[in-house]
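Remember, it's a predicted structure, so these values are computed and weren't measured experimentally. All ligand and atom numbering here is 1-based and tracks the order in the structure.
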Amino acid sequence: MHLSRLTLRHFRNLGTQDLELPPEGVAIVGDNAQGKSNLLEAIYYLETFRSFRGARDEQLVAFGEEVFRVTGDLAADVGEVPPVQVTAAYQKRGKRKKITVDGVEPERVGDALGRVAAVVFSPADVELVSGGPGERRRYLDIVLSLSVPGYLRALQEFRKILVRRNAALKDEQPGGVVMAWDQGLVRSGAAVAAARREWIETRCDAFREYYAAVSGGAGARMAYRSSVHLDGARSAEEVAEAYRDALVASAERERRNGTTVVGPHRDEVVLRLENEGDELDLRDYGSGGQRRTAALALRLVEARTIRETRSQEPLILLDDVFAELDGGRSERVLELMEREETGQVVLTAPKESDVRIRRDALPRWRISAGKVSA
Ligand code: ATP
Ligand code: MG
């Protein structure tokens with residue numbers, strides 16, 4: 001599957017454009033503030049229907065306009081699912097978002113997620129490692145929503161119930177009112193926690209392997225640390241049981257704090273450096289380059305997940321990623337990507353000399369004031 005055509009209308013500074021993309025991808029070179037990241041943001045919008053930069057939808061509408069629209073045509077490669085067209089439009093007034101797949105609006109947005117099979121690598125990814133636990137939970141939630149059937153629904157249900165339960169705790173409602181939410185909280189929360197843990201456990205080796213490959217042999221580890229003692233709990237049933245026990249055990253603390261203190265909303269992904277038998281938290285002790293390397297490894301694991309769960313080569317979007325890595329690391333990332341990713345690559349860089357991946361194989365485009373030219 002590859003993105004064969006991208007049609008844009010009033011998305012950020014990109015104006016109205018109709019671009020045909022080569023199956024191998026393209027390298028887009030342009031000065032700062034010309035629209036390179038905006039273009040990748042538009043493409044990735046078709047994957048998750050959100051900005052990968054965390055912008056609100058109204059920020060994506062071109063200044064002075066009312067509606068943006070992005071359409072992607074995905075063409076099938078040999079032996080794949082048939083071609084598909086995904087469209088996303090957003091209207092400021094009434095905050096209306098409309099998604100269509102082959103012209104048909106899906107029953108829920110979740111049904112249209114992940115069609116592009118894209119992964120974005122961006123300098124801001126370092127926040128996955130440097131930022132708070134919420135950043136890593138968000139990463140997991142996106143990856144799992146796109147790869148595990150039912151995950152998104154469980155997550156949405158969990159969040160809804162959590163809000164209500166927290167409101168009851170905050171208002172110091174009687175225990176029975178709070179407990180009325182417990183069954184739903186435990187069911188949805190256990191599904192979320194079990195999927196996250198299973199994903200981390202099965203991708204831990206891949207993370208280690210990528211970290212070592214990029215760093216030139218250093219050790220690093222990724223683990224799921226749950227606020228619920230999961231110990232031997234394996235099945236969704238067992239995890240639910242453990243969650244139920246944890247709620248009972250924390251009843252007094254949550255009364256005191258006026259909020260639910262255990263559950264997937266408090267869980268953490270820990271990333272550690274391994275150093276001669278010692279372990280150091282990357283967030284607290286990692287250098288800038290070590291954190292960048294770990295962030296890259298997380299994105300590479302994400303790409304591998306797409307390859308494994310959707311049997312599709314991921315579309316790799318590279319937003320000026322080599323700028324801040326040292327020479328050795330950049331070379332090894334390049335080698336790795338050349339080896340692993342045989343799919344389409346859309347790369348942006350401010351300078352010709354930063355276009356390194358598939359140097360001669362990728363056509364070169366320019367972007368200036370939002371306009372792309374071949
Ligand atoms: P850099 O090399 O610095 O990362 P870039 O080419 O990636 O630059 P973008 O982040 O794509 O630049 O932004 C390009 C321009 O888009 C900015 O000057 C910004 O002011 C403009 N812009 C952002 N949002 C909108 C919008 N809603 N409407 C019009 N222009 C916008
Ligand atoms: Mg940019």
If only side-chain N and O atoms count, and only distance matters, is there a donor-acceptor pair under 3.5 Å linking Y90 with E58?
yes
Test salt bridge (charged side-chain N to carboxylate O under 4.0 Å, His left out) applied to R115 - qualifying residues, sequence neighbours left out:
none
E308, E198, E209 screened by salt bridge (Lys or Arg N to Asp or Glu O under 4.0 Å) with R203, the one that passes
E308
The Mg ion (ligand 2): protein N, O or S atoms [distance under 2.8 Å]:
S37 OG
For R196, give me all partners under salt bridge (charged side-chain N to carboxylate O under 4.0 Å, His left out), at least two apart in sequence or on another chain.
D141
Does any donor atom in the side chain of D319 or T348 lie under 3.5 Å from an acceptor atom in the other side chain?
yes
Within the 3.5 Å criterion, strictly below it, is a donor on S51 or E41 matched to an acceptor on the partner's side chain?
yes
Between D57 and K97, is there a side-chain N and carboxylate O pair less than 4.0 Å apart?
yes
Heavy-atom cut-off of under 4.0 Å around ligand 1: list whichever protein residues fall inside it, by chain and number.
R12, N13, D31, N32, A33, Q34, G35, K36, S37, N38, R53, Q59, V61, A62, F63
Does the side chain of D102 pick up a donor-acceptor pair with the side chain of Q85 at under 3.5 Å?
no
Salt bridge (Lys or Arg N to Asp or Glu O under 4.0 Å) for K92 and E65? Distances and angles first, verdict last.
CA-CA 9 Å; K92 275 191 190 164; E65 297 293 338; over 6 Å; no
